[in-house]
*Asks:* 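Pasting a structure here, questions to come.
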Amino acid sequence: MSEPNWKKLDKQATAAEIEIALLKEQIELLLKSFKPDTSQIVSNVNKEEFERLQQENVKLKHRIIILTRTIEMYKAKDKESVPSMINESEDKLSSMSNIPQSNTISIHATLWDIFHKAIMAAYPNAKKSLISITTNSNPKFGDYQCNSALPLARELSTTGNKLAPRTVANTIMSKLKESPLVDKYEIAGAGYINIYLKRDFGQCALSNWLTTGEILPPYVEKHRIVVDFSSPNIAKEMHVGHLRSTIIGDSLARIFEYLGHYVLRINHIGDWGTQFGMLIAHLQDKFPNYLTVNPPIQDLQTFYKESKIRFDADEEFKKRAYECVVKLQAFEPDIIKAWKMICDVSMQEFQKLYTRLDIKLIERGESFYQKRMEIIVEELESKNLLEEDNGRKVMWGEEPGKGVPFTIVKSDGGFTYDTSDMATIKQRIEEEKADWLIYVTDAGQSLHFQTLRSCAKKAEILKDHHRMDHVTFGVVLGEDKKKFKTRSGDTIKLIELLDEGLKRTLQKLKEKERDKVLSEEELKMAQESVAYGCIKYADLSHNRNHDYIFSFDKMLEDKGNTAVYLLYALTRIRSIARTAKVTQDELQKCARDTPISLEHEKEWKLAKVLLKFPDIILEISEDMYLHPLCEFCYEISCAFTEFYDKCYCVEKNQAGEIIKVHMGRLLLTEATALVLEKCFALLGLKPVTRM
Ligand code: ARG
C-alpha cells in the first residue's frame, strides 16, 4: 500500500492541511468503492446507498473547500500577527502548542497589511501613520476604504513631487496583491480606494466559528495587565461612581481575559487611613466587649456618621481617635482586630453587590501596602527625590513646578493616598511583573494619575516599555440632571438601586403577561438578567467620558439600543432553530458540510456586520471605550431584522406545519447568535433562554 497522503505532507503542515489530506483520502476510498460502471451498481447494489455516498462526497468536497480557504486566509495574514502554524519550524511549533489556533481574523489588520505592503512598494518613504483603512457604512463605496492616497499626495508635494491623489491611488492599486479576503478594489472620488469583501471569505470565516462552536479571540501579543477597578472605601458609602468603575472595569477585564492576556482584577479598597481612628474609638465605646462578642453593626454608614459627629465636637474623643491611628499603624493586635471587624462588615456589603452583578475581584486594599509605603519612602529619599515643604515631604513629577507635587509624607509623619499609589505601582510592576496598568476611576482623579505617572517615571519604576492608562468616566446624573441623589438628598444605596431595578423589571414583565407563560424559575431568571443587564448596559452604552442620566424608564424600554431589546433579540434568534426543531449541536455538525447562505443581499449584509466582531474587540482593547461594542450589538440585531424580514428560514404551510427548513440560513442565524452571545459575555450580560 502506498503511503497515506497526509504522511507525505512535510512537518510544516497545518492542522487544516492535515484534515484536507485525510478528507481527500476518504473521498478516494469512496470513489474506489464504486465500480467503473455505476449504472450496474445502482441497479445491483442499492440505490439508496449510492445516493447516500454521493451526498457524502458532496459534503466532503465542501469541507475541503472551506479548509483550503481557511489556509489561504491565514497565509494571507502577516506571519507575525497570527501564530498560525504555517511556515513555523517544528521547535517553534511545540513552543507554541499552548497557543490555540484562532478561527478569527481581523479584516482591518489584514487590509492594513495589504495596503501597507503596496504603499511601501510604491512609495518606500511613506509614513506608516498615513495608512488608514476605514469601514464603509454606505455599500455604494465598498465595504472598506483606504484613504491614504490623499494625505500621501500632500506629503509627496512637500518634497517637490506634485502628483494628483488619483494618480497616487492608481500607483497603489498597481501594487496591491490578490487576497482571499478581497473581491475587488476600485478607485473613487478624489482618490479613495474602495474595497469589496469576497463572499467566499465571509462564508469560510463564519463556517469556522460555527464548526468550532465558539468564536476564538483574534491573536494579540500577550500582556500582564492589572485592572484596578471598583475600589470603594470602607465605612464610607459605595456610590454610583464606584458602580460605574465596577461595571466598566469588569467589562474591560472580561475583554482582556478573552484576548488571552494575564489579568489581575484588583479591588483597591480604601481600608487604611485616619478615618479608622475615629471608627475604632467609637467601636470601643459602643461595644466595649468587641474583642469577645462580635459587634452587631448593621449599618456602617450610620456608624460612620455617629463617629464623625463625635470627632468634630469632642476634643477628648478626637485625641483618642488619633491615638488609635498611631496604634493601628503600629499593628497593635487589639486595634487590628477592631479594624478588621469594621472592614469585614463593609466587605460583606460590597460582596453582596458583586455577587448579584456577577463580578469577580481580588480584594487588595491600601492596608496591603503599609510596609511597602515605608520602603518606597526610603527609596525616594535615597534617590533624593523628596523635597521639604512646610514640614511635608513632597515629590515633583518629571517637570518640577508643573502641576501639583505628590505629598509623600505629611507633616505629622503619616502617609497619604499619593504615598499608597506610589507603593502600589511599584508592587504591581516589580512583584506582579505587570507591564500594563489600568486604573478605572472618575475623571475627577485625572490630575492624581497624571502626577502618579510622572513621579513613577521619574523614580524609574515606570519604564518606557510599561503602559499605564487612567480609564476615566463622567458623573451619573438623576433624571433632573442633577447629581444622582435620593429625594432627601442622601447618597443612593447601591443595593437599594439593584432592588429597585428588580422591582421595576418584574412590573414590566407582568405588564407583558410574561408571568403567565414563564415558570416561576424562568421568570426570576429573566427578571435578574434584565434588571442587572439593563443597569450595566445603560452605563456601558454611553461614551464613558460623558455624564449620563440614570433612568430606569429609559433603560427598561424594549425598543432601541437597550439591554432589554437585545436580550429579547437573542431569544428570538435562538427560537428560530428551535421552531425548526434543529438543535445547536446539529447546527454545529451541519456547518461542516452545508455552506452558509450568503447570496441574498440582506444575508451578505448581516454577515459583513458579524465579521467586524474581532476588529471591534481589538479597538476596545486599545482605547478602552466600550460603547462601540454596544452599538455593534444593536447594529447586529438591526441587520438581523432586515435579513429575517426578507429571507425565510423555515417555511410553513397554511396549517402551520413545517414544509421546508433553509439550513444555509439557519446557520446564519446561529452565527448571529454566537456573536451576540460573545458580546453579551464581554459586557457582563447574562442571556436567558426564555423571557
Ligand atoms: N478608593 C478610591 C476612591 O474611592 C479609588 C481608588 C482607585 N485606585 C487607586 N489605585 N488609586 O476614590
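Note that the structure is a prediction, hence the values are computed from the model and not measured. Both counts, for ligands and for their atoms, begin at 1 and track the order of listing.
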*Asks:* Under a 4.0 angstrom heavy-atom cut-off, which atoms of ligand 1 come close to Tyr417?
*Replies:*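 Listed by number with element, the hits are 2 (C), 5 (C), 6 (C), 7 (C), 9 (C), 11 (N).
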
*Asks:* So is there a nitrogen or oxygen of Thr424 less than 3.5 Å from a nitrogen or oxygen in ligand 1?
*Replies:*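 Among all N and O atoms of Thr424, none is under 3.5 Å from an N or O of ligand 1.
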
*Asks:* Show me which atoms of ligand 1 lie under 4.0 Å from any heavy atom of Asp228.
*Replies:*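 What qualifies from ligand 1 is 7 (C), 8 (N), 9 (C), 10 (N).
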
*Asks:* Output yes when the distance from some N or O of ligand 1 to some N or O of His242 is under 3.5 Å, and no in every other case.
*Replies:*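 Between His242 and ligand 1, an N or O pair is found under 3.5 Å apart.
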
*Asks:* Would you say the ring centroid of Phe473 lies under 6.0 angstrom from that of Tyr548?
*Replies:*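 No, the ring centres sit 6.0 Å or more apart.
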
*Asks:* Tyr439 heavy atoms, cut-off 4.0 Å: which ligand 1 atoms fall inside?
*Replies:*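 Under 4.0 Å from Tyr439, ligand 1 has these atoms: 10 (N).
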
*Asks:* How far is atom 12 (O) of ligand 1 from the closest protein heavy atom, and which atom is that?
*Replies:*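 The closest heavy atom on the protein side is Gln445 NE2, 2.8 Å.
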
*Asks:* Consider ligand 1: state whether an atom of it lies below 4.0 angstrom from any non-hydrogen atom of Phe449.
*Replies:*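 True for this residue.
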
*Asks:* At a 4.0 Å threshold, what atoms of ligand 1 neighbour a non-hydrogen atom of Thr441?
*Replies:*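 The list of qualifying atoms is 7 (C).
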
*Asks:* So for ligand 1, is Asn233 a polar contact partner (N or O within less than 3.5 Å, distance only)?
*Replies:*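 Yes: some nitrogen or oxygen of Asn233 is under 3.5 Å from one in ligand 1.
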
*Asks:* Please confirm whether Phe552 and Phe550 have ring centers closer than 6.0 angstrom.
*Replies:*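 Under 6.0 Å, so yes.
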
*Asks:* Within the distance-only criterion (no hydrogens, no angle test), does the side chain of Asp615 pair as donor or acceptor with the backbone N or O of His108 below 3.5 angstrom?
*Replies:*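 Side chain of Asp615 to backbone of His108, a donor-acceptor pair under 3.5 Å: yes, one is there.
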
*Asks:* Taking the side chain from Ser102 and the backbone from Thr104, do they hold a donor-acceptor pair closer than 3.5 Å?
*Replies:*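 Side chain of Ser102 to backbone of Thr104: a pair is present.
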
*Asks:* Distance only, no hydrogens: is a donor on one side chain within 3.5 Å (strictly under) of an acceptor on the other, for Arg392 and Ser411?
*Replies:*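 Absent: no donor and acceptor within the cut-off.
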
*Asks:* Does ligand 1 come near enough to Asp421 that some N or O of the ligand is less than 3.5 Å from an N or O of the residue?
*Replies:*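 Yes - when backbone and side-chain N and O of Asp421 are compared with those of ligand 1, one distance drops under 3.5 Å.
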
*Asks:* Please list all pairs passing the side chain to side chain donor-acceptor pair (under 3.5 Å) test where one or both residues lie in residues 468-478, with sequence neighbours left out.
*Replies:*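 Every side chain to side chain donor-acceptor pair (under 3.5 Å) pair that includes a residue of residues 468-478, provided the two are not neighbours, is Trp436-Asp469, Thr441-His470, Arg467-Asp469, Thr472-Asn545.
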
*Asks:* Which one of Phe229, Tyr439, Phe368, Tyr369 satisfies the ring-ring contact (aromatic ring centres under 6.0 Å, His included) criterion with His268?
*Replies:*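 Output: one option passes, namely Tyr369.
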
